[in-house]
Amino acid sequence: IDLSAQVKSGYRWGINKTTMSVNYQGKNIKSETPFGVHFGANYEISLSRHYTFLSGFLFSSKGTDYALNNIDYSIAPAYLEIPSNFAYSFIRRSTRLSLFAGPYFAAAFGGYKSDDGYKILTLGSRESKDLKVIDFGFNAGIAFSIKSHVFTVQYGTGLREVSPKNDMEMRNKVIGISLSTLWSVKE
């Protein structure tokens with residue numbers, strides 16, 4: 001079997017409509033949904049005519065804005081994210097409509113926060129830090145492909161609590177819209 005004929009790679013770029021579910025001392029806090037960006041490399045491995053494994057390496061900015069005790073807060077972490085989705089495709093000539101779902105794994109590597117001015121996020125698991133480094137969750141979405149161009153809409157929800165604070169829980173939630181271009185590795 002020639003695997004190179006079944007593997008495609010390319011680039012992806014898009015926007016995120018992001019938020020975090022915020023729970024402070026057992027109370028849900030209303031949070032806003034700012035925009036972010038994502039971009040990186042895509043990989044597609046055909047498993048059969050209709051089934052595909054989708055992955056890549058993405059820079060993804062996430063975050064939220066919220067108010068607590070009459071103070072406005074903003075948190076905007078930057079992540080390196082690896083999606084691992086399986087897709088089923090409906091194919092007609094050079095077009096495909098794909099439904100996909102799967103886990104994502106992400107590591108925060110920077111970002112900023114704002115309460116009384118902008119500051120660099122501190123990352124780690126201790127109570128004194130702003131955000132945990134590791135996040136993982138679940139993606140689901142739909143993709144429309146014409147030849148090598150792909151338009152994708154997806155929703156991702158964090159399954160891991162990312163706040164290191166004992167009295168606060170936060171989980172990422174992202175709606176992503178992106179464009180991709182893929183090439184066969186054999187070309």
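Everything numeric here is computed off the predicted structure, so don't read it as measured data.
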> Do the non-hydrogen side-chain atoms of Leu123 and Lys132 ever get within less than 4.5 Å of each other?
Replying inline: no

> Is there a side chain to side chain donor-acceptor pair (under 3.5 Å) between Asn85 and Tyr104 once you walk through the steps?
Replying inline: CA-CA 8 Å; Asn85 297 310; Tyr104 74 82; over 6 Å; no

>> I'd like to know if the side chain of Asn16 and the backbone of Ser61 have a donor-acceptor N/O pair within less than 3.5 Å.
In response: yes

>> Between Lys129 and Glu127, does the salt bridge (Lys or Arg N to Asp or Glu O under 4.0 Å) criterion hold? Intermediate values first, please.
In response: CA-CA 6 Å; Lys129 302 297 183 181; Glu127 173 81 15; over 6 Å; no

Scan the side chains in residues 67-80 for donor-acceptor partners under 3.5 Å anywhere in the protein, sequence neighbours excluded, and list what turns up.
unit_1: Ser74; atom_1: OG; unit_2: Asp65; atom_2: OD1; d: 2.7
unit_1: Tyr79; atom_1: OH; unit_2: Asn172; atom_2: ND2; d: 3.2

> In terms of hydrophobic clusters joined by side-chain contacts under 4.5 Å, are Leu58 and Ile15 together?
Replying inline: no

>> Would a single hydrophobic cluster contain both Val7 and Leu54, if residues Ile, Leu, Val, Met, Phe, Trp and Tyr are joined by side-chain heavy-atom contacts under 4.5 Å?
In response: no

> Would you say Trp13 and Val37 make side-chain contact, with heavy atoms under 4.5 Å?
Replying inline: no

> Any cation-pi pair here, Lys119 with Tyr112, using under 6.0 Å and within 45°?
Replying inline: no

>> Before you tell me yes or no, could you show the steps for Phe86 and Tyr51 under ring pair (Phe, Tyr, Trp, His ring centres under 6.0 Å), namely the whole-Å CA-CA distance, both residues' side-chain angles and the distance that decides it to 0.1 Å?
In response: CA-CA 7 Å; Phe86 287 93; Tyr51 290 97; 9.1 Å; no

>> Donor-acceptor check, side chain of Lys17 to backbone of Thr33, threshold 3.5 angstrom: yes or no?
In response: yes

Could you list the donor-acceptor pairs under 3.5 angstrom formed between side-chain atoms of residues 153-160 and any protein atom two or more places apart in sequence or on another chain?
unit_1: Gln154; atom_1: OE1; unit_2: Arg12; atom_2: NH2; d: 3.4
unit_1: Thr157; atom_1: OG1; unit_2: Lys173; atom_2: NZ; d: 3.3
unit_1: Arg160; atom_1: NH1; unit_2: Ile134; atom_2: O; d: 2.6

>> Thr19: which residues meet the side chain to side chain donor-acceptor pair (under 3.5 Å) condition with it, sequence neighbours left out?
In response: Ser31, Thr64

>> If you compare all heavy atoms of Ala87 against all heavy atoms of Phe100, which two are closest, and at what distance to 0.1 Å?
In response: CB-CB, 3.8 Å

>> Tyr43 vs Phe57, test: side chain to side chain contact (heavy atoms under 4.5 Å, CB included). Steps then yes/no.
In response: CA-CA 9 Å; Tyr43 301 96; Phe57 298 98; 3.7 Å; yes

> Does any non-hydrogen side-chain atom of Asn28 lie less than 4.5 Å from one of Glu169?
Replying inline: no

> From Asp135 CG over to Ser60 OG, what is the distance, rounded to the nearest 0.5 angstrom?
Replying inline: 10.0 Å

>> If hydrophobic clusters are built by linking Ile, Leu, Val, Met, Phe, Trp and Tyr wherever their side-chain heavy atoms come under 4.5 Å apart, do Phe151 and Phe39 end up in the same one?
In response: yes

> Is Phe136 linked to Val174 within one hydrophobic cluster, defined over Ile, Leu, Val, Met, Phe, Trp and Tyr using a side-chain heavy-atom separation of less than 4.5 Å?
Replying inline: no

>> Whether the side chain of Asp130 engages the backbone of Thr122 through a donor-acceptor N/O pair (distance < 3.5 Å, no angle test) should be reported.
In response: yes

>> As an exercise, state the distance from OG of Ser55 to CZ of Phe105, rounded to the nearest 0.5 Å.
In response: 9.5 Å

> So which pairs with a foot in residues 31-41 pass salt bridge (charged side-chain N to carboxylate O under 4.0 Å, His left out), sequence neighbours left out?
Replying inline: Lys30-Glu32

> Given Glu81 and Lys62, is the side chain to side chain contact (heavy atoms under 4.5 Å, CB included) satisfied, shown in steps?
Replying inline: CA-CA 11 Å; Glu81 186 171 316; Lys62 301 180 182 183; 2.9 Å; yes

> What about Trp183 and Tyr11, are their ring centers closer than 6.0 Å?
Replying inline: yes

> Hey, quick one: are Phe109 and Leu131 part of the same hydrophobic cluster, counting side-chain heavy atoms closer than 4.5 Å, chains of contacts allowed?
Replying inline: no

Anything under 3.5 Å between a donor and an acceptor, one on a side chain of residues 89-98, the other on a protein residue two or more places apart or in another chain? List them.
unit_1: Ser89; atom_1: OG; unit_2: Ser98; atom_2: OG; d: 2.6
unit_1: Thr95; atom_1: OG1; unit_2: Arg92; atom_2: O; d: 2.8
unit_1: Arg96; atom_1: NH1; unit_2: Glu44; atom_2: OE2; d: 3.4
unit_1: Arg96; atom_1: NH2; unit_2: Glu44; atom_2: OE1; d: 3.2
unit_1: Arg96; atom_1: NH2; unit_2: Glu44; atom_2: OE2; d: 3.4

>> I'd like to check Tyr24 versus Met170 (side-chain heavy atoms, cut-off strictly below 4.5 Å). Are they in contact?
In response: no

> To the nearest 0.5 Å, how far apart are CE in Met168 and CE in Met20?
Replying inline: 10.5 Å

>> Using every non-hydrogen atom in the two residues, find where Asn139 and Pro83 come nearest and quote the distance to one decimal.
In response: ND2-CB, 4.0 Å

>> As an exercise, state the distance from OG1 of Thr181 to CG of Asn42, rounded to the nearest 0.5 Å.
In response: 9.5 Å

>> What verdict does the side chain to side chain contact (heavy atoms under 4.5 Å, CB included) test give for Leu182 and Val150, after you've listed the backbone C-alpha separation in whole Å, the side-chain angles of each residue and the deciding distance to 0.1 Å?
In response: CA-CA 8 Å; Leu182 295 168; Val150 185; 4.0 Å; yes

>> Checking Gln25 now: which residues fulfil side chain to side chain donor-acceptor pair (under 3.5 Å) with it, not counting sequence neighbours?
In response: none

